[in-house]
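Following: one structure in structure tokens, then a few remarks.
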Amino acid sequence: MAKEYNFREIEQKWHRLWTERQTYKVGEDESREKFYVLNMFPYPSGAGLHVGHPLGYIASDIYARFKRQQGFNVLNPMGYDAYGLPAEQYAIQTGQHPEKTTFANIDRYRQQLDKIGFSFDWDREVRTCTPDYYQWTQWAFQKMYNSYFDEELQKAQPIEKLIERFKAEGTWPADEKAQNDLLMNHRIAFLGETMVNWCPKLGTVLANDEVVEGVSVRGGYPVEQKKMRQWCLRVSAYSQRLLDGLDTIDWSESIKETQKNWIGRSEGAEIEIPYTLSLTGETEGAFTIFTTRADTMFGVTFFVLAPESELVDKVTTPEQRAAVDEYLKYVKSRTERERMIDHTVTGVFSGAYGINPITGDKCPIYIAEYVLAGYGTGAIMAVPAHDSRDYAFAKHFNLPIVPLVEGADVSEESYDAKEGTVINSPISEDKSVKYDGESLCLNGLSIKEAIAETKRFVKAHNLGRVKVNYRLRDAIFSRQRYWGEPFPVYYKNGIPTMIPEECLPIELPQVEKFLPTETGEPPLGNAQIWAWDEVNRKIVDKKLIDEKTVFPIELYTMPGFAGSSAYFLRYMDPKNDKALVGDEVASYWQNVDLYVGGSEHATGHLIYSRFWNKFLFDLGVSKKDEPFQKLVNQGMIQGRSNFVYRIKDTNTFVSLGLKDQYDVTPIHVDVNIVKNDVLDLEAFKAWSPEYATAEFILEDGKYVCGWAIEKMSKSMYNVVNPDMIVENYGADTLRLYEMFLGPVEQSKPWDTNGIDGCFRFLKKLWALYWNKEDNLTLTDEEPSAESLKTLHKLIKKVTADIEVFSFNTSISAFMVAVNELGQQKCTSRTVLQALPILISPFAPHIAEELWEAIGGEGSVCDAKWPKHEEKYLVETSVKLGVQFNGKVRFDMLFPADATPEQMIELATSAPEAARHLEGMQIVKTIAIPKRIVNIVVKPN
RNA sequence: GCCCAGAUGGUGGAAUUGGUAGACACGAGGGACUUAAAAUCCCUUGGCCAGUGAUGGCCGUACGGGUUCGAUUCCCGUUCCGGGCACCA
């Protein structure tokens, strides 16, 4: 009986030793090249970890360990995104302080994580809800407040520079209030009166990415549009840089695409449209429209304004006033959700006419909800022939449709494609207005040429300008919640004022109740000690507010993404109390080389943190424009639910294969009492009192359960807990199996059934090292050529696979190699001392144990990653398939150094070839070294 | 509607980017050891056909075409599933 692989003992031992020896502690080390591996830090929920959570951590840990063994100084930190709604909702229900539950959850997470054997440097742990961390969130906010985005430099600049410029231009107002209003339009963090997503049920506003299909992502409560004064971040200023940066980073195409869609760059033109209040009247004024199809100016048959547009009031004629008001009332009554789902055509004529500057035509101006106030100028020119929305509107209101593309049939639908030759532009010469003797003519041009020509014309004659629009909106940065970073802001005569930087952090005050106050203030309104004493520079009791030296402090808190936007910088220097990150430290670690996390953050965290980092880069704090060089999106682990089938109105359960003979109801059964789809009957009876007296109809003496792939959740009883797996198989098996399941990026169901294969592999690996007497098998004998080949094949394959994150195939290669070495009865030190190093990224505990047993020096984590040598892989002869007309006919051996010509020669003269060549003529011969010799023949 | 990614045995998935499809693992079947169980080890396992047999033949990577000596891989079309954006002018 060979020495047993006692994973429990081994894993406990190494967890202890790693802690004692501080194996995973990292510091800056100029002598080695840095490598920064990062996981998206978790929000510690009350449910604890399920097997899906560690997937990304395991993958990145493998990579981190591998890089370390390759000689890099690897930073691999972990922390917690600790502010958030669930803890607060729980606090409202139970009265427990969110900090208490959050910290309890963190402890639980830590316990679970520790069992899996990650190489995290826990000394660098950050929690977004601790003052020493959020001090720097507040600090960054103040920096944003005191900065503006310089369009020309395309970077953030101190607000003082802007003030100087205003002064130089003579546009700097004398009045303090006016100064403040002016600067607010430029600050990167600003207080704005904007339409926000208001969620009454949650009692807070939400960012665009927190709302999907008109309901909140958290909770699924309805969200309405409301105009409110909120803190905002001018993310939109960085649109172009956020877009350009995508080309410099190594992210998946799909996530880049998602971000490109979200940023939504569109190039077009803004054109000035004068308007009159009647067909015969004088010009009253002008408005601006935005279009990406400047080429369709000749097809404009009406104009449309968004109902929320400020122009609506100006263009509405007295005769139309009543109709317009009624329409606006209707629009207001519609929720965002209704507007999004229901696209029925609605609108109203304003009474006014817009004058097409190209044709001179007067076209009616409508007001319709299909035009959005928030995009472009909130006004459009409508070209029904070539825009489907305009088309539907024109059909509904019986407006003319003028086709502008050759061959386009617009009798049934619009022709939206940007291809074809332009016609009817103009229809006749007198239909085109002359400017400085020049009139626009697009006939015969392609659409692309026509767009360019119109832009040129419009620009040349000052009718408008070329303009790039972005769909990306500024982020609403305040929440009416308790459990978040407080704003370091107080209000002096209604003007927001920053609390001095030296006084940060402004700590979250204690409150009795976590709900909004009776007067409708946010939860911070419940805080008693929450006023700023400007003279003594400290937080004092609210009662002392006198609006002279003591002022009220902001009651809003920051949103969830505030704390997660720069945490990767803080990991570099987590204990620094002078700066977010020290300059030298930041210069060493630069940015994250490998970031691992879910793709669901594509339009949230991954945009905000890129924005936040770009801002800090402009300040010189961050050293790279892009925070995350390479991004790997791990897939979701779905649940695999099991079912039992209860015969209706009985307590009898029938096995899967026999269920069709009865009238049954499928019932979810806990997957932890099912093994290989066979139900543990006793465990089932014990599972719930309801089933204590259950009876079973078995097949082949077993109860076979049905199964389905569903989301992993408690209610489906399909949650598999990593602790259970670690208990039964060990952390190394868990790690291997999570990776063996399939590619990291792919979503896949968890199925514990296959785990035995990985467990067996580790036992086989273990058995290579021990003989029957429990002694090491290790000898100093020269390894056989076979064993060397096995080893070097393995090194080559594993090294290449880890580099491209193909962990399932590297593990397969290990399985093959261990089987081969077992068969070869390999006991050579040369071979056996390399294996623990190679396996250590995947299964660090067993690797350490074996490394120690064979007398390896130090920790296997620091052992140098072996390099494969090609000479051991070279064959003396090569077995190739020889094929005729594409079909393989026989295999034969060639000298390894044979040239293609020689191989063809040998293949055609081989005895096996004779019967294929009989009566045939060789048309063509192809030799692919190490693969195949191909001979194309035809009858003589 | 627009954009992106994908479809391979009973199952999870390989295939050196155009070169013997199905590695590796699970499951299933058969066998060895064992009083028995567990553990371990060995054999078979895409489908169909022929043969006592080592074996041989045909079909096969969602479907239909194409390029090529050769296609899971490249091109065109179709179907289905997943993801993103969406009255964004």
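Order of the sequence lines sets the chain letters (A, B, ...), proteins ahead of strands, with each chain counted from 1.
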Who pairs with [N] - Watson-Crick or G-U, where each distance is under 3.5 Å:
N	answer
B/rA21	none
B/rU73	none
B/rC58	B/rG47
B/rC41	B/rG31

Span that lies between the [atom1] atom of [M] and that of [N], in whole angstrom:
N	M	atom1	result
B/rU44	B/rG10	C1'	15 Å
B/rG22	B/rU78	P	33 Å
B/rU73	B/rA7	P	10 Å
B/rG9	B/rG60	C1'	10 Å
B/rC76	B/rA21	P	26 Å
B/rC74	B/rU17	P	13 Å
B/rG13	B/rA23	P	15 Å
B/rU34	B/rA28	C1'	23 Å

Report task. Would you confirm whether A/H386, through its side chain, and A/T296, through its main-chain N or O, come within 3.5 Å as a donor-acceptor pair? Result ->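 No; zero donor-acceptor contacts below 3.5 Å.
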Query - Check: A/S810 side chain, A/V798 main-chain N or O, donor-acceptor pair, under 3.5 Å - result: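 No, because the side chain of A/S810 does not come within donor-acceptor range (under 3.5 Å) of the backbone of A/V798.
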Hey, does [X] reach any base, or is it just sugar-phosphate, or nothing, if we go heavy atoms under 4.0 Å?
X	value
A/K763	sugar-phosphate
A/N808	sugar-phosphate
A/L741	sugar-phosphate
A/D801	nothing
A/E257	sugar-phosphate
A/P743	sugar-phosphate
A/Q746	sugar-phosphate
A/V923	nothing
A/K764	sugar-phosphate
A/R640	nothing
A/T344	base

Report task. For this output row, return yes or no: ring centroids of A/F393 and A/Y391 closer than 6.0 angstrom. Result ->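 Here the rings of A/Y391 and A/F393 have centres that are no less than 6.0 Å from each other.
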Query raised in the report: Which comes earlier along RNA chain B counting from the 5' end, the contact point of A/A813 or that of A/S747, where each point is its nearest nucleotide?
Result: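 Closest to the 5' end, via its nearest nucleotide, is A/S747.
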Query raised in the report: Pick the nucleotide of RNA chain B nearest each of A/K748 and A/I932; which residue has the one closer to the 5' end?
Result: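 Whichever sits nearer the 5' end wins; that is A/K748.
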State which of [options] makes the closest approach to the side chain of [X].
X	options	answer
A/N261	B/rC85, B/rA14, B/rA89	B/rC85
A/Y375	B/rA89, B/rC87, B/rC85	B/rA89
A/R760	B/rA89, B/rC4, B/rU40	B/rU40
A/V936	B/rG12, B/rC69, B/rC42	B/rC69
A/S812	B/rC69, B/rA23, B/rA89	B/rA23

Check the phosphate of [N] against [X], side-chain N and O only, distance under 4.0 Å to OP1 or OP2. Yes or no?
X	N	result
A/Y370	B/rA89	no
A/S266	B/rA89	yes
A/N819	B/rA25	yes

**Report entry** Lys/Arg-Asp/Glu bridge criterion (N-O < 4.0 Å) met for A/K332, A/E308
**Finding:**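 No, this pair does not count.
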Report task. Salt-bridge test for A/R8 and A/E727: reply yes if a basic N is under 4.0 Å from a carboxylate O, no otherwise. Result ->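 Yes, this pair counts.
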Query raised in the report: What integer distance in Å separates A/L768:CG from B/rC41:P?
Result: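 Those two atoms, CG and P, are 12 Å apart.
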Query - Nucleotide B/rA5, atom P - distance to CH2 of A/W251 in whole Å - result: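 After rounding, the gap between these two atoms is 18 Å.
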Requested in this report: Check whether NZ of the Lys or CZ of the Arg A/R610 lies under 6.0 Å from the centre of the six-membered ring of A/W251 and within 45 degrees of that ring's axis.
Outcome: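 Because its charged atom sits under 6.0 Å from the ring centre and within 45° of the axis, A/R610 does stack over A/W251.
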Query raised in the report: Under the rule syn = chi within 90° of 0, otherwise anti, which is B/rG9?
Result: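 Classified syn.
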Query raised in the report: Hey, is the side chain of A/D756 pairing donor to acceptor with the base of B/rC26 inside 3.5 Å?
Result: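 Not at all, since no donor on one side and acceptor on the other fall under 3.5 Å apart.
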Query raised in the report: NE2/A/H868 to CG/A/L838 distance, rounded to the nearest 0.5 angstrom?
Result: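 Between atom NE2 of A/H868 and atom CG of A/L838 there are 12.5 Å.
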Query raised in the report: Does a side chain donor of either A/S236 or A/D474 reach within less than 3.5 Å of an acceptor in the other side chain?
Result: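 A donor-acceptor contact under 3.5 Å links the two side chains.
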